[in-house]
Amino acid sequence: MELRYFIIRRLLVLIPTLIGLSIFVFLLMWAYGPCNLVSVYYTVRSHNCAVIAPQEGIYLNDPVLTYLTYVEHLITGNWGIVGGSGFFLPQGQVLYYISIFFPNTLQLALAATVLSLLIAIPLGTYIGSKPNSAADHFGRIFSLSGYAMPTFWLGYLLIFFFGQGVSSFPTNVLGFVGNGLVNYHHSLPDWVSKTTLLSSPTHILLIDSLLNGDPAMFVRAVDYLILPVLTITYGILAGILRFIRAGMVDSANQEYVKTARAKGVPEKVIIKKHIRRNALLPTITVIGLLISSLLGGVVVVEEVFTYYGIGYLLIQAINPRSFEVWLVMGGTMVFALILVMTNLIVDVLYAYLDPRIRY
Amino acid sequence: MAEININPAEMVAKQEKRANPRVEELKASLRLLYKNRLALVGLIIVAIYYFIMVLDFAYPPWLGVPNLNSIYVFTRTYGIVQTPISPFVLSNGLPYILGGTQYNIALLPAMLGALRFDLGVSTLVVAIGAAVGITVGTVSAYLGGVVDEIIMRVTDIFFSIPFLVLAVAVTALVAHGAGGGLNGLILALIIVWWPIYARLSRSLALSTKSLNFVEAARAAGSSKARNIFVHIMPNVLSPAFVQMSLDIGSVVLIFATLFFLGVIPISALSAPPELGVLINYSVGQAGYASNLFFLGFWWTFLFPGLFLLVFTVAANLLGDGLRDILDPKLRR
């Protein structure tokens with residue numbers, strides 16, 4: 001089968017998932033109580049609920065119609081309103097909030113993925129080429145502790161040991177503080193927006209500072225990212241390391257490896273070119289799982305490090321004192337979309353690299 | 001000519017002596033478990049934690065300090081002290097051997113008491129989640145067709161949301177919708193957890209379904225329900241059990257994380273603190289105006305976290321060991 005047919009089929013499979021996702025999120029909302037969804041101007045226990053609700057597309061006696069309206073709003077970009085009742089978030093559109101906070105999360109997730117791959121591939125190759133050695137046992141314990149580690153606890157531990165000066169990091173560069181967008185009191189470079197504090201062109205400070213040739217800003221960005229990224233990496237390294245090791249051990253027993261040894265190929269070349277290449281291919285499939293746990297880690301880490309990403313936004317939204325239903329729904333939607341899209345990309349990538357997968 | 005002794009009663013006795021194959025297998029598994037030292041250590045630690053939990057349910061004031069009121073006990077004995085009491089000072093009494101945390105709640109009894117929530121709720125969630133998931137997955141695999149397709153699409157939806165985000169959203173909304181409190185939390189976690197078991201047991205049931213003995217049972221006229229529950233489900237249970245032992249650690253972790261993030265208002269807890277809450281006491285997350293850890297009261301942070309970590313590591317060791325023993329092919 002040609003690759004594009006595979007992609008088309010994979011995209012078609014996406015449709016029921018997305019529909020189901022919107023139904024699920026809607027049902028959660030409905031279970032929470034449709035009257036609570038009514039605009040933030042009229043607080044939760046509004047007497048006017050029955051009057052106001054239909055104006056906002058919420059039909060108290062008609063969940064189906066409400067769902068259809070909700071989907072229409074989702075597609076047209078009207079994801080609801082934030083703020084008003086809360087002490088933290090100023091009023092605004094959910095989608096606007098997400099568009100501002102999303103690049104920070106992307107930056108964190110990308111940095112963690114890259115770092116964990118950079119560590120896991122050489123380390124996995126090493127311990128996988130020497131099964132049952134001391135290094136292997138160490139790797140096993142390491143990955144086990146990564147599975148078992150409470151992320152929030154590790155985060156604070158790192159702050160305690162390495163980040164006592166963390167508050168002096170340029171958190172405000174990325175941030176949202178108090179009532180409205182923060183006024184960054186140092187002079188911002190031209191390539192950072194004065195209103196949203198997003199850098200251009202990619203909105204990812206780490207990359208933009210390099211693109212704009214500002215090494216000082218790059219150092220600050222790295223400084224700010226290093227502890228959160230380490231915390232997340234420790235958690236997700238476990239899964240990927242374990243998988244690479246298993247792949248290495250599996251491919252080491254293959255016939256072609258024996259052939260290569262018999263030919264007299266040097267051991268180093270065998271490990272790098274024969275075993276590792278074959279072991280890394282299936283590792284792509286775990287990236288989907290990896291992203292799932294990575295995004296979970298992102299939520300915790302953003303909260304611990306007060307890192308202004310969607311995870312932080314989500315946790316602010318569920319604060320019992322200022323519960324923002326639309327933001328919870330929107331945040332969940334965004335996280336789900338990231339995961340679904342990553343899985344799509346991973347599947348296509350895998351099909352591209354390994355034609356056998358296309359049946 | 002040798003006398004041939006045919007005594008039916010003796011033959012039956014001999015046959016019974018050969019023992020049930022299941023018992024034999026269990027014995028072999030136990031021998032393997034004994035050889036796998038790491039798994040054994042995991043089992044012992046998990047057993048100790050469960051023992052503490054059971055003891056705590058059975059007789060709450062077993063440490064000499066009623067968990068609920070340890071704060072009063074301390075103020076009655078020592079007067080109001082703002083600074084947390086240091087650990088390892090014997091003169092403060094056994095409950096304060098690991099020091100005090102916020103409000104000078106004695107850390108050791110609080111941690112041990114926290115198992116009532118952490119372990120109790122997690123076990124409940126895993127047990128009910130597994131029961132629902134295994135039933136749904138097995139039935140879905142056996143029936144096949146449209147039912148199977150629908151159920152699998154439903155689990156797809158659950159898997160398309162990152163796990164912790166799903167837990168946070170469901171817990172927040174269900175618990176708020178249900179008026180807050182622990183019941184909402186348990187319900188939410190079950191909603192989050194059953195799809196894992198549904199998927200796992202479905203794939204296992206599918207491979208079992210095509211085996212000859214199920215065909216034979218069907219040919220012999222065994223009913224659908226009998227096929228599902230008597231013939232297929234026992235083959236699903238042992239891998240599912242491995243998954244459960246792995247999951248206990250994860251559920252405890254998620255549970256503590258949810259409390260740490262403040263998804264559930266702490267007021268939902270009317271009894272002893274929970275481990276995430278204890279760590280919260282120390283670092284002032286989720287509305288706590290305390291920063292004990294960074295003020296130098298390291299024990300308020302270190303001990304609850306280590307207590308949690310030891311359990312999750314042990315549960316993972318046990319789960320890994322069980323997986324090796326029961327089903328070497330199964331990978332998560």
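Proteins come first, then strands; the chains are lettered A, B, ... in the order of their sequence lines, and each starts at number 1. We use all heavy atoms of the structure for the numbers below, so side chains are in, but hydrogens, waters and symmetry mates are not.
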| note | Whatever's closer than 4.5 Å to a heavy atom in chain A on B:L275 counts as neither

| query | Is it the backbone or the side chain of B:L306 that comes under 4.5 Å from a heavy atom of chain A, or both, or neither? | reply | both

Measuring from [X]:[atom1] to [Y]:[atom2], what's the distance to the nearest 0.5 Å?
| X | Y | atom1 | atom2 | result |
| --- | --- | --- | --- | --- |
| B:N316 | A:M149 | CG | CE | 12.0 Å |
| A:I318 | B:T171 | CD1 | OG1 | 8.5 Å |
| B:S160 | A:L337 | OG | CG | 8.5 Å |

Measuring heavy-atom distances to chain B, does [X] have an atom under 4.5 Å in its side chain, in its backbone, in both, or in neither?
| X | value |
| --- | --- |
| A:L21 | both |
| A:V298 | neither |
| A:F24 | side chain |
| A:L314 | side chain |

| said: Ring-plane angle category for A:F152 and B:F260, please: parallel below 30°, perpendicular beyond 60°, tilted otherwise. | reply: parallel

| query | Looking at A:V328, A:I23, A:L339, which makes the most heavy-atom pairs under 4.5 Å with chain B? | reply | A:L339

| remark: From the list A:M29, A:R242, A:M333, A:M329, the residue making the most non-hydrogen contacts under 4.5 Å with chain B is A:R242

| task | Answer yes if the ring centres of A:F160 and B:F293 are under 6.0 angstrom apart, and no otherwise. | result | yes

| Closest heavy-atom contact between A:G296 and B:P162? | N-CB, 4.5 Å

| said: If we define contacts as heavy-atom pairs under 4.5 Å, which of B:V168, B:L317, B:D320 has the most with chain A? | reply: B:D320

| Checking side-chain contact (heavy atoms from CB on, under 4.5 Å) for the pair B:I161/A:T332: CA distance, chi angles, key distance, verdict? | CA-CA 7 Å; B:I161 304 175; A:T332 311; 4.0 Å; yes

| request: Take A:T151 and B:T257 through the test side-chain contact (heavy atoms from CB on, under 4.5 Å) and record every step on the way to the result. | output: CA-CA 8 Å; A:T151 315; B:T257 306; over 6 Å; no

| task | Apply side-chain contact (heavy atoms from CB on, under 4.5 Å) to A:L157 and B:F301, showing your working. | result | CA-CA 9 Å; A:L157 217 55; B:F301 178 81; 3.4 Å; yes

| request: Start with the C-alpha gap between B:I279 and A:W153, add the side-chain angles, then the distance that decides, and say whether side-chain contact (heavy atoms from CB on, under 4.5 Å) holds. | output: CA-CA 8 Å; B:I279 297 175; A:W153 191 69; 3.9 Å; yes

